[in-house]
Protein chains: 2
Amino acid sequence: MNIGDAAQLSGLPAKTIRYYEDIGLIEPSRSANGYRSFRESDLHKLTFLGRARSLGFTIDDCRTLLTLYRDRSRASADVKHVAQDHLACIDRKIIELTEMRRTLSHLVEACAGDDRPDCPILADLAAVVPGQSCARQSN
Amino acid sequence: MNIGDAAQLSGLPAKTIRYYEDIGLIEPSRSANGYRSFRESDLHKLTFLGRARSLGFTIDDCRTLLTLYRDRSRASADVKHVAQDHLACIDRKIIELTEMRRTLSHLVEACAGDDRPDCPILADLAAVVPGQSCARQSN
DNA sequence: ACTTATGCTTCCAGTCATAGGAAGGTCAAG
DNA sequence: CTTGACCTTCCTATGACTGGAAGCATAAGT
């Protein structure tokens, strides 16, 4: 199977598949003409990766998860640990975004949105004293 | 005022301030020795930028917002528009993360997390048929 | 006057997970 | 035998920085 078919079947762009080979996530064999040749197991890995990425796991997480997947003597605790860490990371992001959303929606509501220049949004951006804002922990 | 003080007072790293000059967001003057010299207005812009960034506005948004801020004849509708677009963007991200969170937390709950190899998390990652998963709209 | 330390400068490279595109080889169909 | 679709590698760009090297400037201490 060539990369085009692998892309079609896995749902990943060919570009991404080449990248995954580059960074050592997959190792498809090569045909005589130099084309990548994908076996069932390669395709399986690709769909695994696609699914893991769609759940927001980093490439590094994916590497770990793939290793655990291959390892028949793994402990499910190890997998759970990776997933829980990621879950915590997602939760932090959701909290951060929700906080932004809260502030921003207040500002948007307060803004008349007409042709006059007075704008509470700009006023907020301009007025905040550095030490007092919530800007610090966002990095 | 040198960059170190500007960094302290604005809460932004000196590196970031240099970067903002590089991309044309600010234009501090220079002292005789070649050091950047920050006026009150520069500092004001920096805190404005810091606040806008902490609300998740892109650099491009910041550029627009700064321009609107300078423009005394702006219409608040223009500002509101930028903010609303960003709010919609935040909402999309929250929805996406929440969807990930939902799936992932189910999987984590279902995983025993002991020393046995059986793991619903890996099973899910491995089993999904490409066309059927929710992987598509995440790009 | 000399050393040390801190602060400033520019420039180059790296991050993350790809995407875009150029230049060129391969293959099936008409 | 040419067209077009597919494949290859290699280089560059994204966003918003961050890290680090090499080299001046300045201030403090001895």
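No experiment lies behind these values; they were computed from the predicted model shown. Chain letters run A, B, ... following the sequence lines, proteins first, then strands; residues in each count from 1.
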Engineer: Verify the contact: side-chain N or O of B:T58 to OP1 or OP2 of D:dG15, cut-off strictly under 4.0 Å; return yes or no.
Structural biologist: no

Engineer: Would you indicate what A:I3 reaches in the nucleic acid, counting non-hydrogen atoms under 4.0 angstrom: base, sugar-phosphate, or nothing?
Structural biologist: sugar-phosphate

Engineer: Is the distance from OP1 or OP2 of D:dC17 to the nearest side-chain N or O of B:Y20 less than 4.0 Å?
Structural biologist: yes

Engineer: Whether B:T16 contacts D:dT18 is assessed here as follows: a side-chain N or O lying under 4.0 Å from the phosphate OP1 or OP2. Is that the case?
Structural biologist: yes

Engineer: Using a distance-only criterion (donor-acceptor N/O pair, under 3.5 Å, no hydrogens), is the base of C:dG25 paired with the side chain of A:Y35?
Structural biologist: yes

Engineer: Can you find a pair of side-chain heavy atoms, one from A:I90 and one from A:K93, that are under 4.5 Å apart?
Structural biologist: no

Engineer: Is there a side-chain polar atom (N or O) of A:N33 under 4.0 Å from OP1 or OP2 of C:dC27?
Structural biologist: yes

Engineer: Under 4.0 Å between a side-chain N/O of A:R36 and OP1 or OP2 of D:dC7, yes or no?
Structural biologist: no

Engineer: Are any of the side-chain nitrogens in B:D42 or B:R39 under 4.0 Å away from the carboxylate oxygens of its partner?
Structural biologist: yes

Engineer: Could A:R102 and A:E99 be called an ion pair, given the rule that one side-chain N must be under 4.0 Å from one carboxylate O?
Structural biologist: yes

Engineer: Counting any heavy atom closer than 4.0 Å, what does A:F57 reach on the DNA or RNA strands: base, sugar-phosphate only, or nothing?
Structural biologist: nothing

Engineer: Is B:R30 near enough to C:dT10 that one of its side-chain N or O atoms lies under 4.0 angstrom from OP1 or OP2?
Structural biologist: yes

Engineer: Taking only side-chain N and O atoms of A:R53, does any of them lie within less than 4.0 angstrom of OP1 or OP2 on C:dT18?
Structural biologist: yes

Engineer: Any idea how A:F57 and A:H86 line up, ring-wise: parallel (<30°), tilted (30 to 60°), or perpendicular (>60°)?
Structural biologist: tilted

